[in-house]
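These notes are about the structure you will find just below.
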Amino acid sequence: MVLLACPEREHSALYGKIASMVRSSRPRSITVVSIDGSPHCALLHASVNEAEYILNEDIPRRHYVVLDGEELREISPNAVRVARYLSIVEELIRKSPEALEELARHSLEYRSSLARAGKGDASRA
């Protein structure tokens, strides 16, 4: 079964929908592929993790993001979990400010923010 979804257009009850589909169809595995950096697409990944939680069972799954339209990169379910907790992300940035340099390589929004602020140092933004 293949499900194409756009969380920007779907109702926010995507968690329950995916859990219901998994319970009804019992897939052998789930693979989520989305665009890296899209806040809407991140919801798909979180929805699959949440479905596992709702159903209280292991669901073999893999998470991938398309980076800069060129590279398919696998991410862990734990990366999806951490992304939901901005306080943890903030602490990780404080411990590894070089992550913002990586962000600047991929995010037009972040580079625009730096330019508007007149900042060349990504770690202070």
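Just so you know, these numbers use all the heavy atoms, side chains as well, and skip hydrogens, waters and symmetry mates. Computed from a predicted model, the values in this text were never measured in an experiment.
Heavy-atom minimum distance, Ser34 versus Cys41: CB-CB, 3.4 Å. A pairwise comparison of heavy atoms in His45 and Tyr64 identifies CE1-O, 3.3 Å as the closest pair. Of all non-hydrogen atoms in Glu52 and Ile59, the two that sit nearest each other are OE2-N, 3.2 Å. Across Val89 and Ala83, no two heavy atoms sit closer than the pair CG2-CA, 4.3 Å.
In this structure the side chain of Pro27 reaches within 4.5 angstrom of the side chain of Ile30, judged on heavy atoms. Between Val82 and Leu92 the shortest side-chain heavy-atom distance falls below 4.5 Å. Contact check for Leu100 versus Ile93: side-chain heavy atoms found under the 4.5 Å cut-off.
Hydrophobic clustering (ILVMFWY, side-chain heavy atoms < 4.5 Å, transitive): Val48 and Ile35 are in distinct clusters. Cluster annotation: Leu103 and Ile88 are assigned to the same hydrophobic cluster (Ile/Leu/Val/Met/Phe/Trp/Tyr, side-chain heavy-atom contacts under 4.5 Å, transitive).
A distance of 11.0 Å separates OG1 of Thr31 from CZ of Arg61, quoted to the nearest 0.5 Å. Considering CZ of Arg84 and CD of Glu50, their distance stands at 5.0 Å, rounded to 0.5 Å. With rounding to the nearest 0.5 Å, the separation of CD1 in Ile18 from OG in Ser47 is 4.5 Å. For the atom pair NE2 (His106) and CG (Asp68), the distance works out to 5.0 Å, reported to the nearest 0.5 Å.
Side-chain contact check for Ser76 and His63: no donor-acceptor pair (N or O, by modelled atom type) lies under 3.5 Å.
More than 12 heavy atoms of other residues, nucleotides or ligands lie within 6.0 Å of CG in Asn78, so this atom counts as buried by the packing criterion. Other residues, nucleotides and ligands contribute more than 12 heavy atoms inside 6.0 Å of the CZ atom of Arg81.
Screening residues 20-32 for salt bridge (charged side-chain N to carboxylate O under 4.0 Å, His left out), with sequence neighbours left out, gives Arg26-Glu57.
Remark: Arg105 does not engage Glu101 in a salt bridge, criterion side-chain N to carboxylate O under 4.0 Å.
Of the possible donor and acceptor atoms, one in the side chain of Ser24 sits under 3.5 Å from a partner among the backbone N and O of Ser20. Arg111 places a side-chain N or O within 3.5 Å of a backbone atom of Ala104 that can act as its donor or acceptor partner. Without hydrogens or angle criteria, Asp36 side chain to Val65 main chain gives no donor-acceptor distance under 3.5 Å.
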